[in-house]
Amino acid sequence: MRPIDANYNSMATTNDLSSEMEVDAFRRLFPLRFHERHLLESIRPDGRPLGRARDTTVMLGAVASANGSALAKIGSTAMLAAIKLEVMTPTMEAPDEGCIAIDFHMPPICSPLIRPGRPAEVAPVISKQLSDTILRQAITRNYLVDDSASFSLNVHCLCIGIQEKKTKITKRMFLTSSSFSSHLYKVAIISEIPHLSSGMIDMKELSLVSGKAAWMAYLDIYCLDADGALFDAALLSAVGALSHLRIPVVSLNDDGRIVLLSDDNAVAMKENEPVNKEKRKLNLNRVPYSLTCILHKNYILADPTSEEESIMETFLTVVLDSSFQLVSLNKPGGPGLAHTSAIQDCIILTRQRVGELQKILNEAISDMEID
Amino acid sequence: MAGKASATPATYSPSPTGHRKKRPPTLTDSDWIRPDGRTVHQCRPAFLRTGAVNSASGSAYAEFGNTKVIVSVFGPRESKKAMMYSDTGRLNCNVSYTNFATPNRSQAPEPKDLSSMLHKALEGAIILKSFPKTTVDVFALVLESGGSDLPVITTCASLALADAGIMLYDMVASVSVSCYGKNLLIDPVSEEESYQDGSLLITCMPSRNEVTQMTVTGDWSTPKIHEAMQLCLDACSKLGKIMRTSLKESASCPHD
């Protein structure tokens, strides 16, 4: 900052700062004006049009010691997700179901704002959002009673976003509780939700021996570089890791414990029938994809960088699944108001983005299968 | 975190059947065959790259076999409020492991210990006078632990410091050697580390020929220590060259 301060002092003597100041200094001193001037020209400081997301890559199998892993990059935002499978005793309520525990971490390497020992405030929020998005089956089951069920599910999803920042939202949220459902109904119509059924993962696929053993999948997502749109990148890496997951061949030994079967001892262990006969992957239904947009005045900026996020503070995250059905819609407060038309535009942008992301993920999966 | 761990049901990772992992018999006449097929005096191929994290002042990624580490450097920046005034700069180091770094979840070594070891290894190489009153933060994240973690972290951190433009006397390179029977195994993997009789770690500044850190643990004879030190120092100077090359590469083409 120091050289720029010096620059500022020398410039203060002239009357018109913006015409003579260096671009970089202007950017740091008047970030909002800097960005708004770009927006007038329908372009962003990094040269993107407003509705375009940054270059995105997914690499599967980045962590050799995990059962499934993926590295996702959106621009410079990088997320590493890995799944470790462990064996647990299933609960009495669901004896033939496994479990997935999702955790999102922001280690101090990822951003200058995070210091060790003081976890980032956003980390638990994103963690919760990810769990809600990936494990939405649990919610669905409770609500799938009649035709209005799919609708109440969406209310529930939205409420998640609201409860998290309740204090901030009470006044700023554009919807009062009475108008909430009618607006939401419009949203529901836009994305043409016929019916929401089961979730992304069937937990029964994680079962080993009914009532005795099931897989506990620990999905840990680490942010390696934080440059905006953290939730989008985290969700993409989580989905990548889940599609890379291979469940190993195991059998039940005499002590009632699950043991790995490798090729060398497969013959010796023949008397113990393998519980999981071959390496298999999970079937993923309705894979969720997301896009975060900034709402600033009349502009909608897709896939913001951390600089844009720090200057313009109203976000809207839309999650659609692979058949373009709405999974969740989250507007965590912020000073700006969201009009229904803006929400519609965001959903349209997300639909385009889902197509892009599906292509990227499918390419990553086919690359891996060739190797 | 402790409360959270107890709330989840107790889980275990399935272990391979049949053979229990046991220490192979101490070899006196033949050479130990290393699990990754190297000769005893051969290091793992090193991959080093700077600029892994854009939001940091400097960063580096290191991959030695299965050991994968990212180090970010922030600063020099304002010291914590509680800190007293200081003429010289401060160095702050922190090492953490991902939950999936080790074969069994949450079996990671004590990062507090590693943090202070890293601090001591780097301290001597940094010209602290060049940034008075401020702090340089060195944060390391071990993505995957595959043996010789501390030497890899130290090497990577030193490269990240250079990438951040922090004034250094020289970059530090770090290599460890395990003593196992009659054999000296350079750059051991986790499996070899678990069998070892003793280990020796040297962190040095190759072009000044100065050692910033040396630790010896376990069972050693004096001639063995001499031999191991020479091995380490030779490897350090080779590693130093690799570090220099990767730094030059990033300087000649800053953004790929």
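Throughout, protein chains are lettered first and strands after them, A, B, ... in sequence-line order, and every chain is numbered starting at 1.
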Participant: How long is the straight-line distance from OG1 of B/T98 back to NZ of A/K84, given to the nearest 0.5 Å?
Facilitator: 8.5 Å
Participant: Answer with side chain, backbone, both or neither: which region of A/L224 has an atom nearer than 4.5 Å to a non-hydrogen atom of chain B?
Facilitator: both
Participant: Which region of A/A213, side chain (C-beta onward) or backbone (N, CA, C, O), has a non-hydrogen atom less than 4.5 Å from a non-hydrogen atom of chain B, or is it both or neither?
Facilitator: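 Looking at A/A213, nothing touches chain B.
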Participant: Decide yes or no for A/P107 and B/F139: does some side-chain heavy atom of the first lie under 4.5 Å from some side-chain heavy atom of the second?
Facilitator: no
Participant: Identify the two heavy atoms, one from A/C110 and one from B/V53, that lie closest to each other, and give their separation to 0.1 Å.
Facilitator: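 Closest heavy-atom pair between A/C110 and B/V53: O-CG1, 4.4 Å.
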Participant: Stepwise, does the side chain to side chain contact (heavy atoms under 4.5 Å, CB included) test hold for B/N99 with A/H105?
Facilitator: CA-CA 10 Å; B/N99 283 340; A/H105 310 261; 3.6 Å; yes
Participant: How long is the span from the CG atom in B/N54 to the OG atom in A/S111, to the nearest 0.5 Å?
Facilitator: 12.5 Å
Participant: For B/F74, which atoms come within 4.5 Å of any heavy atom of chain A: side chain, backbone, both, or neither?
Facilitator: side chain
Participant: How far apart are the C-alpha atoms of A/Y222 and B/F100, what are their side-chain angles, what is the distance that settles it, and do they pass the ring pair (Phe, Tyr, Trp, His ring centres under 6.0 Å) test?
Facilitator: CA-CA 10 Å; A/Y222 282 83; B/F100 44 77; 5.4 Å; yes
Participant: Chain B heavy atoms under 4.5 Å from A/I114: which part of the residue, side chain, backbone, both or neither?
Facilitator: backbone
Participant: Find the one option among A/S65, A/S69, A/P112 whose heavy-atom pairs under 4.5 Å with chain B are most numerous.
Facilitator: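 Going by pairs under 4.5 Å, I would pick A/P112.
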Participant: What part of A/D227 gets closer than 4.5 Å to chain B, counting heavy atoms only: side chain, backbone, both or neither?
Facilitator: neither
Participant: Would you say B/K68 and A/V63 make side-chain contact, with heavy atoms under 4.5 Å?
Facilitator: no
Participant: Taking all atoms of both residues into account, what is the closest heavy-atom pair of A/D225 and B/A52, and its distance?
Facilitator: OD2-O, 4.1 Å
Participant: To the nearest 0.5 Å, what is the distance between OG (B/S55) and CG (A/L113)?
Facilitator: 8.5 Å
Participant: Quick one: which of A/A62, A/A78, A/A64, A/A66 has the most heavy-atom pairs under 4.5 Å with chain B, could you say?
Facilitator: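 Going by pairs under 4.5 Å, I would pick A/A64.
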Participant: Below 4.5 Å from any heavy atom of chain B, which atoms of A/A226 appear? Answer side chain, backbone, both or neither.
Facilitator: backbone
Participant: Check whether any side-chain heavy atom of B/L143 sits under 4.5 Å from a side-chain heavy atom of A/L80, and report yes or no.
Facilitator: yes
